[in-house]
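Reading through the structure tokens given below for one structure.
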Amino acid sequence: MPMTEPWIIVGKGPAGLLAASLLLEQGHRVVVVAKGQGSLPLWSGALDFYSWDTKQHPVKAPYDHADHLSGLSLNREQWQAGWEDWRRILQKVGVQTQVSPDHENLLSPTLSGVLVPRYLVPEWQYAVTDPEPVTVVSWDGILDLDLHLWAERYQQHTKMAAKTIQRPGPQGWTARWTPLHWAGYLDSESGRRWLADDLEAALDDTFDQCPVLVPQIIGIRHTEEILSDLRVRLGRPVKEIPLIAPCLGGVRIAERWKEYLLGHGVRFVADEVVGVDGFGVQLATGGALSGRVVLATGGVLGGGFRLQWDRTVINTATGQSIAWSGKPEDLSCIGVSDANSLWGVVGRSAGGWDGDRHGGAGHVLGTVLAWVNAMHEEVYCAAR
Amino acid sequence: MLHDDACLKCSLCITACPVVRVDPLFAGPKAYGPEWWRAHEARDAFDTDPHVDDCTFCQLCEAACPADVPVAHLIAQHKDHHRKKRPQLKRFRDFILSHPHWIGRLPFSPRKVSAVVAKMAQMSSHADFPVADRTKFHSGRPYGENIPTVGLFVDCFNRSYGGEVVAAAERVISRLGYQAVLMPSQPHCCGAAAYASGLVDEAQRIAQDSAHALRETPVETLLTLNATCDGTLRDEWPKYFSLSLPGTRVLPWTDWVLETATADFWSQFEETNEAVWVHTTCRGKVAQGEGAMEEFVKLANGQPLPLGIACCGAAGSYAFKVEHEDAAIQLGIKAKEAVHRQGHQAEAMIVDSGTCALHLAQYTGLFTMHPALWLGRRLMQAQSLDKKAEVSNLCE
Amino acid sequence: MRMKWGKWLMVVVIGAGATGLGVAWDLMLRGVPVAVLDQGDLGHGTSGRFHGLLHSGARYVLTDAVAARQCQTENLRLRQVAAPYIESTGGLFAASPDVSENLVQNWLRGCHDAKIPVAPASPVQGMNAQWKRIYEVNDGVINGYQLLQALARGIRQGGGQILTHRRVVGARPMKGKIHTIVMEGPDGLEEMRADAVVNAAGPWAGHVASLWSDPLPLTLSRGIMLLFSHRQTPKVINRLDVPGDGDILVPHHHISIWGTTDTETDSPKAPTPSHAEVAHLMERGLAMFPDMGEWRVLRSFSGVRPLYRAPGNLARETRHISRDFVVLDHPLKGAFSVIGGKWTTYRLMAEQVADRVAAYLHYATPCQTGAVPLPLANAVGVGADPLLCECESVSKSQLRAFEGLSLSDLRTRTWFGMGPCQGTFCGHRVMQWRSHQIGEEAASKELAAFREERERGMCAALWGDNAVEWLLQRNIRFQSLGESQRADD
Ligand SMILES: Cc1cc2nc3c(=O)[nH]c(=O)nc-3n(C[C@H](O)[C@H](O)[C@H](O)COP(=O)(O)OP(=O)(O)OC[C@H]3O[C@@H](n4cnc5c(N)ncnc54)[C@H](O)[C@@H]3O)c2cc1C
Ligand SMILES: Cc1cc2nc3c(=O)[nH]c(=O)nc-3n(C[C@H](O)[C@H](O)[C@H](O)COP(=O)(O)OP(=O)(O)OC[C@H]3O[C@@H](n4cnc5c(N)ncnc54)[C@H](O)[C@@H]3O)c2cc1C
Ligand code: SF4
Ligand code: SF4
């Protein structure tokens with residue numbers, strides 16, 4: 001092959017895609033090997049960097065809870081730089097994000113009506129620094145968003161009013177529509193027309209200075225376009241509340257990101273890695289790829305680790321087994337960065353440092369940054 | 001099937017399914033696959049759903065699944081169970097379409113089916129049908145003793161409609177210092193068409209015949225020219241049909257060229273930066289991944305433009321069936337939109353399947369072809385340029 | 001005390017398990033007015049935490065001839081009167097290579113003596129090929145919850161009462177006879193007039209009998225089980241040996257249950273299985289099914305057997321206590337207790353209890369439960385409305401049929417939350433629906449309890465895709481839904 005050794009990134013979750021994008025920017029050749037989709041399509045789209053302290057109060061900035069990032073020792077400047085990196089890449093991919101002016105958390109309501117802090121939020125998603133009254137519209141058959149409960153919680157949580165409007169679905173709707181069906185329909189010409197007409201008919205003057213929130217179903221390809229058309233037509237902003245998996249926000253990002261990388265010469269190999277050494281990876285179907293390896297296989301959730309009944313935990317890519325305390329809550333920490341190993345390890349198991357409460361993207365970014373630091377020479381100087 | 005009931009309900013399969021986005025009546029892979037299967041297992045007579053047939057069997061759902069649920073194959077079972085409830089005429093049509101190697105032998109091949117015929121045969125009157133290509137390709141016997149040999153799988157489609165493709169693929173193979181044995185010697189089908197229509201047992205029978213024919217000429221490497229056949233040979237055959245080609249490694253022709261060609265080979269292509277759209281078919285994405293054809297174009301000094309759609313809607317004989325007209329059209333339109341979205345930057349597109357090429361040509365208006373044909377042409381250009389250079393050298 | 005129930009003749013049955021409901025159904029058919037009380041919902045005790053096997057009796061022929069015979073006859077009878085709730089799967093007995101031929105011959109002889117038909121059989125897929133001596137018997141599978149619901153329906157249709165979520169806390173006599181039952185319900189203490197009371201409280205029978213200060217010869221034994229998704233085998237598979245740990249696999253609808261163990265315990269509450277216990281079961285299982293480690297595990301749970309220790313039975317291990325049962329009366333007139341037995345023999349137990357009660361009350365009508373078929377359980381079809389629970393195909397219209405029940409009770413009635421996702425997705429949906437009835441706060445509490453219960457079982461078998469599911473669930477709860485981020489945090 002007439003080319004330089006590529007970087008082989010195992011896994012196409014957010015960690016793998018981020019590492020690939022950073023390498024690409026430095027002019028490296030990149031091959032991504034993954035056996036499955038990764039967790040990105042399950043995301044709402046917001047990059048969760050938030051954390052809670054022990055009393056479950058949100059802790060706002062990742063550098064405020066550096067204790068969770070033990071071993072990575074990243075300071076405030078490094079975090080902010082990393083964050084800007086990610087933001088820039090998302091922009092190239094075609095996803096605009098909102099940030100708070102002072103690089104603190106934005107607040108964004110979940111599907112169950114509670115507000116959670118988040119750092120980087122795509123423009124389609126509702127996020128604010130100060131809660132305000134809202135109008136929420138939903139359509140029959142969107143199971144996961146119950147307006148009644150949502151509004152009750154939102155009001156409890158923010159002391160702000162929420163007006164709810166429930167509407168029937170469009171013609172052709174069936175009981176088995178998933179958010180993807182909705183998105184497909186709303187991406188089409190007729191779907192868009194229906195949506196605009198229906199919203200216009202539904203809304204009255206209540207809170208007419210305030211945003212209209214809708215469930216996250218507004219298309220995949222044309223979301224931004226549809227939302228900005230609606231803004232013009234209705235005279236107020238329309239924003240989404242993310243639903244439960246499958247979350248369209250993540251699907252939008254994942255598709256655009258992959259296309260971006262593909263368009264820039266990144267190759268995606270669909271295979272499982274069953275062995276790793278200093279020279280490259282072995283594939284389940286028999287082949288091998290040589291290059292510098294980055295493991296971004298996620299943790300147990302992403303398939304990077306597999307638990308056996310006898311409590312051994314196998315790294316599916318290296319075949320090695322690793323230790324586990326046997327405590328379920330420790331499972332999410334399995335797979336945390338080991339940037340100094342022979343091959344870089346980025347990404348993580350589940351949704352946070354302790355599994356679920358500290359934000360997925362925080363971990364992804366933290367480990368990718370640590371890896372970039374550790375491999376600084378190779379990443380920044382050794383291109384081409 | 002070890003993982004048939006391992007479903008986590010994560011819905012990643014739904015996010016990957018192209019049909020869900022265009023077909024309001026198609027409940028989606030999770031519902032038709034693991035959910036149906038589970039209910040079916042608990043209550044033998046659990047209802048089948050007629051819209052299960054809208055599935056193109058692209059397998060993108062299966063590739064997205066983190067729990068290794070054989071989603072698409074459960075759907076194939078669902079289709080099979082549903083088949084008994086379908087009208088006689090459709091069942092007959094499906095049986096015929098499940099044997100593309102028979103159809104290829106027909107003396108005629110109309111580009112369009114007339115409205116009357118379409119109605120009678122339950123065929124789509126929208127879809128373009130393939131036109132026979134009688135380009136001669138090499139007969140199938142190795143012609144040299146000391147030349148390394150690779151097998152070239154001539155699938156039913158290319159055998160009848162892609163003579164030029166086969167010839168071009170062969171030409172590149174020989175340029176790389178190998179000789180190709182074309183196999184099997186008689187028209188056969190890998191079983192994909194039948195399987196995708198839910199004729200599970202028939203698919204296995206067809207595949208068996210085909211495996212038998214392929215084993216007649218043992219080769220170490222067997223190259224495929226169609227992503228669907230490639231996936232079927234490498235995935236369905238061992239896993240679902242219990243068939244194997246002992247000692248044979250199956251891989252796409254494109255990948256083999258990438259593996260085999262040296263810098264020398266690539267250096268003969270001039271830096272024209274000719275742009276070309278690239279669409280890796282759904283089955284190609286599942287079996288191999290994506291980006292190989294782009295790399296291939298780049299190495300040949302072209303400029304690849306990834307199309308960025310999941311499945312074009314052709315899906316073998318899918319688009320030929322009247323009940324799939326809508327879905328196939330909608331998916332085709334998505335391809336057209338993708339071209340528009342990125343600016344109409346090139347006139348040609350390469351794609352690793354014949355039926356997809358046909359469908360994409362119809363909807364995008366582009367000139368679509370197999371990568372072998374594209375490279376074959378560039379090779380000819382390069383050679384004629386060489387010749388010209390030689391001639392001019394001589395003149396000087 | 002708020003209310004007084006029952007002015008006329010009334011038999012109160014404590015316990016809405018198989019035995020208690022069986023007794024009430026039997027008495028009702030004899031024309032005796034009944035009320036069933038339970039501290040939880042139907043099947044709150046062992047009857048909702050069992051293995052699911054309709055014994056042919058073959059399991060007990062080597063050690064427990066009485067239980068073997070009882071199972072043999074009841075098996076046939078239940079197939080007639082409770083047909084819709086029995087799956088006729090058949091069962092295999094397979095002997096490992098370590099089992100002596102002598103034992104196999106003894107077993108065959110035992111089956112013959114107990115009139116249990118046995119036929120040589122071939123192995124099922126996935127079984128250890130070394131286990132060559134295989135026989136088929138007519139084991140079946142009991143759909144426990146459905147059968148309980150059918151009994152309850154029959155009782156209600158006949159005018160009997162079933163009051164759930166009422167714990168009996170006192171029994172007041174009058175002139176040496178039982179007179180009033182005191183219970184604690186959702187609205188505080190309530191009383192009910194009783195002319196006779198049947199203690200069918202299963203593992204709690206000792207506690208209940210202590211309300212009238214009479215000790216019971218009750219021994220408790222704990223058994224743990226592993227639940228796998230998918231029917232791993234078409235038939236029940238038993239280890240042909242002296243009964244031991246981990247020797248039965250029961251295919252149940254679309255899951256399979258592997259178990260069990262047998263260890264003495266003091267508490268009627270079924271605790272979460274420990275890793276050591278689960279690992280022990282797995283080791284036993286892998287000997288029989290080498291692939292078991294790859295099966296999609298769902299959860300592990302335990303149940304507590306109420307066993308009758310006959311006078312003079314000094315067996316150290318609970319395994320060696322017979323599965324026979326006994327009906328006892330007490331110095332307090334009109335009070336009866338039933339202990340021991342099996343799910344398979346619930347009808348027989350009920351018959352004997354009802355005989356005693358009927359005699360006491362001078363009712364002459366004989367037992368009819370051996371001939372009268374059970375009513376069909378509520379059949380609620382899949383509606384045209386969206387599915388709230390996708391694993392088990394439960395729609396909103398199905399839930400509506402059980403309006404008023406809590407999340408946990410809805411789970412056992414409709415089966416929602418019981419599939420591979422263990423409530424990951426449907427928990428939130430059903431809670432939303434429930435919040436319309438009882439408000440946000442109460443519904444959130446129910447959801448938390450539901451999650452807690454599901455999570456305990458999942459974590460007891462945390463490997464393979466179940467571990468993945470659990471992590472997915474944590475992410476959805478805390479990341480997607482912000483479940484822990486409540487206003488009061
Ligand atoms: C439902 C849900 C919603 C979430 N929402 C958000 C959100 O909105 N915002 C947020 O910030 N975080 C969110 N998270 C958390 C976040 O997704 C994870 O923390 C993070 O995605 C982990 O990313 P990763 O790239 O490390 O791993 P993953 O996304 O799990 O990717 C792992 C990749 O590695 C591949 N792989 C694994 N083993 C092998 C192997 N042996 N060979 C080849 N390939 C292999 C997999 O196929 C996959 O492509 C959410 C998580 C879940 C489950
Ligand atoms: C692990 C295991 C596996 C088994 N497998 C099988 C099998 O495969 N086949 C088989 O035939 N048998 C099996 N059995 C045995 C069978 O399950 C039990 O014998 C049977 O369920 C007992 O039913 P019961 O109605 O007597 O008790 P329970 O079902 O326990 O019913 C007692 C009820 O009384 C209620 N109660 C208790 N105290 C009070 C009070 N103070 N006030 C109000 N209500 C009260 C409880 O809530 C409970 O619902 C198994 C048992 C175990 C433990
Ligand atoms: S095979 Fe393709 S079309 Fe069929 S359900 Fe799966 S993703 Fe959808
Ligand atoms: S991707 Fe796999 S695990 Fe997820 S819902 Fe679909 S079949 Fe189930």
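Lettering of chains follows the sequences in order, A, B, ..., and the numbering in each one begins at 1.
- We find the CD1-OG1 distance between C:Ile476 and A:Thr110 to be 12.5 Å, quoted to the nearest 0.5 Å.
- Most heavy-atom pairs under 4.5 Å with chain A, from the set C:His436, C:His428, C:Glu469: that is C:His436.
- Closest heavy-atom contact between A:Val114 and C:Gly482: CG2-O, 3.3 Å.
- Between the side chain of A:Gln308 and the backbone N or O of C:Glu294, no donor-acceptor pair lies under 3.5 Å.
- Taking CG of A:Asp146 as the reference point, atom CD of C:Glu440 lies at 11.0 Å (rounded to 0.5 Å).
- In this structure the side chain of C:Pro386 never reaches within 4.5 angstrom of the side chain of A:Arg176, judged on heavy atoms.
- Atom NZ of A:Lys327 sits about 14.0 Å away from atom CG of C:Leu462, to the nearest 0.5 Å.
- Considering all non-hydrogen atoms of both residues, C:Val468 and A:Leu301 come closest at O-CD1, 3.5 Å.
- Heavy-atom pairs under 4.5 Å with chain A peak, among C:Met292, C:Lys396, C:Met458, C:Glu283, at C:Glu283.
- Among A:Leu111, A:Asp310, A:Asp140, A:Leu42, the residue making the largest number of heavy-atom pairs under 4.5 Å with chain C is A:Leu111.
- Within the model, atoms CZ of A:Arg311 and CH2 of C:Trp463 stand 9.5 Å from one another, a figure rounded to the nearest 0.5 Å.
- Residue A:Pro242 does not touch chain C at all, counting heavy-atom pairs closer than 4.5 Å.
- A 4.5 Å side-chain heavy-atom check between C:Gln432 and A:Leu147 finds every atom pair outside the cut-off.
- The distance from atom CG of A:Leu143 to atom CD of C:Glu390, rounded to the nearest 0.5 Å, is 8.0 Å.
- Looking only at atom types and distance, the side chain of A:Arg153 has no donor-acceptor partner in the side chain of C:Ser435 under 3.5 Å away.
- No part of C:Asn466 comes within reach of chain A, as not one of its non-hydrogen atoms sits under 4.5 angstrom from that chain.
- Atoms OG and CG, on A:Ser39 and C:Leu472 in that order, are 10.0 Å from each other to the nearest 0.5 Å.
- Using a 4.5 Å heavy-atom cutoff, the side chains of A:Trp309 and C:His275 are not in contact.
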**OP:** Apply the test side chain to side chain contact (heavy atoms under 4.5 Å, CB included) to residues A:Leu149 and C:Met431: give CA-CA distance (whole Å), side-chain angles for both, the deciding distance (0.1 Å), then the verdict.
**Re:** CA-CA 10 Å; A:Leu149 180 74; C:Met431 175 267 180; 3.9 Å; yes
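- Counting non-hydrogen atoms of other residues, nucleotides and ligands closer than 6.0 Å to CD of A:Gln171 gives a total of 12 or fewer.
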